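Bear in mind the structure is a predicted one, so any value in this text is a computation, not a measurement.
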Amino acid sequence: MSSLRDEIRAILREEISALMAEPRPAGPETEQVRIASSADLTGFAQDLVRRASDPDFAARVSRGEIVFRLAGAVPVPVSMPVPVVTGPPRAAPETVDKALITERDIAGLGNAARSLRISARSRLTPLARDEARRRGIRIERTER
């Protein structure tokens with residue numbers, strides 16, 4: 001058993017070494033561009049148009065093999081998306097912890113109730129389900 005493990009380790013060592021020795025594709029070539037004025041921007045655009053007459057250069061730029069980076073630019077931090085709020089804040093869902101939920105339980109909820117949280121084992125009577133549907137109350141089942 002030990003010799004089998006040693007053999008497997010040796011094979012893995014050889015394969016990992018071979019993988020590490022393979023040349024990795026180089027990243028895109030980066031060209032620093034200094035633009036501090038409209039004249040710099042115009043000069044960059046003119047230079048780019050001149051260089052684009054070379055089909056190889058144009059193809060490399062199109063494929064993303066050549067990228068341009070502003071010299072001295074401060075990287076913009078990645079921010080988390082801000083959620084868009086389009087209405088008033090929702091109230092926490094009402095919770096009913098009963099085995100059988102009736103129409104009376106639904107009627108007892110406040111007028112602002114838009115959702116009702118019940119346990120997974122709770123059952124709704126057909127009238128309770130109809131009342132919840134009529135009032136637009138969404139039923140959420142919890143795992144407990």
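- Residues satisfying the side chain to side chain contact (heavy atoms under 4.5 Å, CB included) criterion with R123, sequence neighbours excluded, are L100, R141.
- Around CZ of R34, the count of heavy atoms belonging to other residues, nucleotides or ligands within 6.0 Å does not exceed 12.
- Considering all non-hydrogen atoms of both residues, I101 and A128 come closest at O-CB, 3.4 Å.
- Between E94 atom CD and R114 atom CZ the span is 11.0 Å, to the nearest 0.5 Å.
- With contacts defined as side-chain heavy-atom distances shorter than 4.5 Å, the pair E7/I11 qualifies.
- Considering CD1 of I66 and CZ of R51, their distance stands at 6.5 Å, rounded to 0.5 Å.
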Would you please test R135 and N111 for side-chain contact (heavy atoms from CB on, under 4.5 Å) and show each step? CA-CA 9 Å; R135 292 181 53 188; N111 288 335; 4.2 Å; yes
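- For the side chain to side chain contact (heavy atoms under 4.5 Å, CB included) test with T102, the passing option among V96, T125, L124 is T125; the others fail.
- Not counting sequence neighbours, the partners of R117 by the side chain to side chain donor-acceptor pair (under 3.5 Å) test are E140.
- Both I35 and L48 belong to a common hydrophobic cluster when Ile, Leu, Val, Met, Phe, Trp and Tyr are linked at side-chain heavy-atom distances under 4.5 angstrom.
- Residues forming a ring-ring contact (aromatic ring centres under 6.0 Å, His included) with F68 (at least two apart in sequence, or on another chain): F44.
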Set out, in order, the CA-CA distance, both residues' side-chain angles and the distance that settles side-chain contact (heavy atoms from CB on, under 4.5 Å) for D130 and R134, then state yes or no. CA-CA 6 Å; D130 289 345; R134 186 187 68 76; over 6 Å; no
Donor-acceptor pairs under 3.5 Å, side chain of residues 52-62 to any protein atom, not counting sequence neighbours: which ones?
residue: S53; atom: OG; partner: R50; partner atom: O; Å: 2.6
residue: D54; atom: OD1; partner: D56; partner atom: N; Å: 3.3
residue: R60; atom: NH2; partner: E29; partner atom: OE1; Å: 2.8
residue: S62; atom: OG; partner: A58; partner atom: O; Å: 2.9

Show me, pair by pair, the donor-acceptor contacts under 3.5 angstrom made by side chains of residues 12-21, not counting sequence neighbours?
residue: S17; atom: OG; partner: R13; partner atom: O; Å: 2.9

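- Remark: Q32 pairs with T30, R69, A71 by the side chain to side chain contact (heavy atoms under 4.5 Å, CB included) rule, at least two apart or across chains.
- At a threshold of 4.5 Å between non-hydrogen side-chain atoms, the residues I106 and R129 do not count as touching.
- Nearest heavy atoms, P28 versus V67: CB-CG1, 4.1 Å.
- In this structure, the separation between CG on L109 and OG1 on T95 is 10.0 Å, given to the nearest 0.5 Å.
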